[in-house]
Amino acid sequence: MICPPGYNTVADFNQFLEKHGFHLNDSGGKIKTSPDGRLLQSATVAGMITATFSGREEFPIAGSYVEFAERKVLPAFAHLPASEIRREHRREGFEAGNADKIFESTYAAQTKKSS
């Protein structure tokens, strides 16, 4: 699937999200980039929700957040037209360094910015 221009990169999609009132995790920058530059990740900030615990005590806790990833085309496939790019032509894997910052989407330092 080819995303239309304006939505096909993490940077463009972040602009769309912010334009529509979403708050983005800015820990380590709004876009977290792998050392090879081929995996870019971003995430919304978790919204706060009220949770009821035992004894009917209620406390605000971090809810869900959404992570977005852009997996760049590998150098060996850079010659392919966009219409021929498939999943196997893109960078795979996970980056622990990026994940550490993405998980901060639930930290008070981030959620307080969106409250």
Side-chain angles (χ1 to χ4, degrees):
M1 179 177 109
I2 298 175
C3 293
Y7 304 94
N8 58 347
T9 67
V10 167
D12 288 343
F13 197 64
N14 279 357
Q15 288 179 354
F16 169 81
L17 291 170
E18 289 182 311
K19 179 180 171 185
H20 288 87
F22 290 88
H23 298 276
L24 299 176
N25 171 333
D26 60 7
S27 177
K30 290 181 182 176
I31 297 175
K32 289 74 168 143
T33 305
S34 63
D36 67 4
R38 299 197 182 284
L39 176 63
L40 291 84
Q41 295 170 270
S42 187
T44 61
V45 172
M48 297 301 289
I49 60 172
T50 301
T52 304
F53 293 86
S54 63
R56 295 191 177 146
E57 292 181 283
E58 292 184 346
F59 295 98
I61 63 169
S64 299
Y65 64 91
V66 180
E67 176 184 351
F68 306 95
E70 177 182 350
R71 295 179 179 276
K72 300 272 189 182
V73 175
L74 296 169
F77 305 108
H79 66 282
L80 293 175
S83 62
E84 293 181 22
I85 300 294
R86 304 283 178 254
R87 183 178 183 172
E88 59 270 18
H89 301 136
R90 295 187 179 276
R91 202 260 199 201
E92 292 183 344
F94 177 82
E95 285 294 329
N98 288 6
D100 289 347
K101 298 297 181 196
I102 295 291
F103 292 142
E104 290 186 30
S105 293
T106 61
Y107 290 12
Q110 293 294 318
T111 59
K112 287 181 181 178
K113 294 176 188 177
S114 66
S115 300

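Index from 1, following the sequence.
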Query - Flag for Asn25-Ser27: side-chain donor and acceptor within less than 3.5 Å - result: no
Report task. Answer yes or no: does atom CD of Glu92 have more than 12 heavy-atom neighbours from other residues, nucleotides or ligands under 6.0 Å? Result -> no
Query - ILVMFWY network linking Phe13 to Phe22, side-chain heavy atoms under 4.5 angstrom - result: yes
Report summary line: Between Ala62 and Thr106, the two heavy atoms sitting closest are CB-O, 3.5 Å
Report task. Find out whether Gln41 and Val10 are in side-chain contact, i.e. whether some heavy atom of one side chain is under 4.5 Å from a heavy atom of the other. Result -> no
Query raised in the report: More than 12 non-hydrogen atoms from neighbouring residues, nucleotides or ligands closer than 6.0 Å to CZ on Phe77, yes or no?
Result: yes
Query raised in the report: Do Phe94 and Leu40 share a hydrophobic cluster (ILVMFWY, side-chain heavy atoms under 4.5 Å, transitive)?
Result: no
**Report entry** salt_bridge(Lys30, Glu18) N-O dist < 4.0 Å
**Finding:** yes
Requested in this report: Decide whether Tyr65 and Ile49 are clustered together by the hydrophobic rule: side chain heavy atoms of Ile, Leu, Val, Met, Phe, Trp, Tyr closer than 4.5 Å, transitively.
Outcome: no
Query raised in the report: Just checking, any donor-acceptor pair under 3.5 angstrom between side chains of Glu70 and Asn8?
Result: no
Query - Closest non-hydrogen atom pair between Pro75 and Arg38, with its separation - result: CG-NH2, 3.0 Å
Query raised in the report: Is the backbone of Gly93 close enough, under 3.5 Å, to the side chain of Arg71 for a donor and an acceptor to pair up by distance?
Result: yes
Report summary line: Correct closest heavy-atom pair for Arg86 and Ser83 would be NH1-O, 3.3 Å
Report task. Using the rule that two of Ile, Leu, Val, Met, Phe, Trp, Tyr join whenever any of their side-chain heavy atoms come within less than 4.5 Å, decide whether Phe16 and Leu24 are in one cluster. Result -> yes
Query raised in the report: Which atom names give the shortest non-hydrogen contact between Gln110 and Ser105, and what distance separates them?
Result: CB-O, 4.3 Å
Query raised in the report: Same hydrophobic cluster for Phe68 and Ile102, using side-chain heavy-atom links shorter than 4.5 Å among ILVMFWY?
Result: no
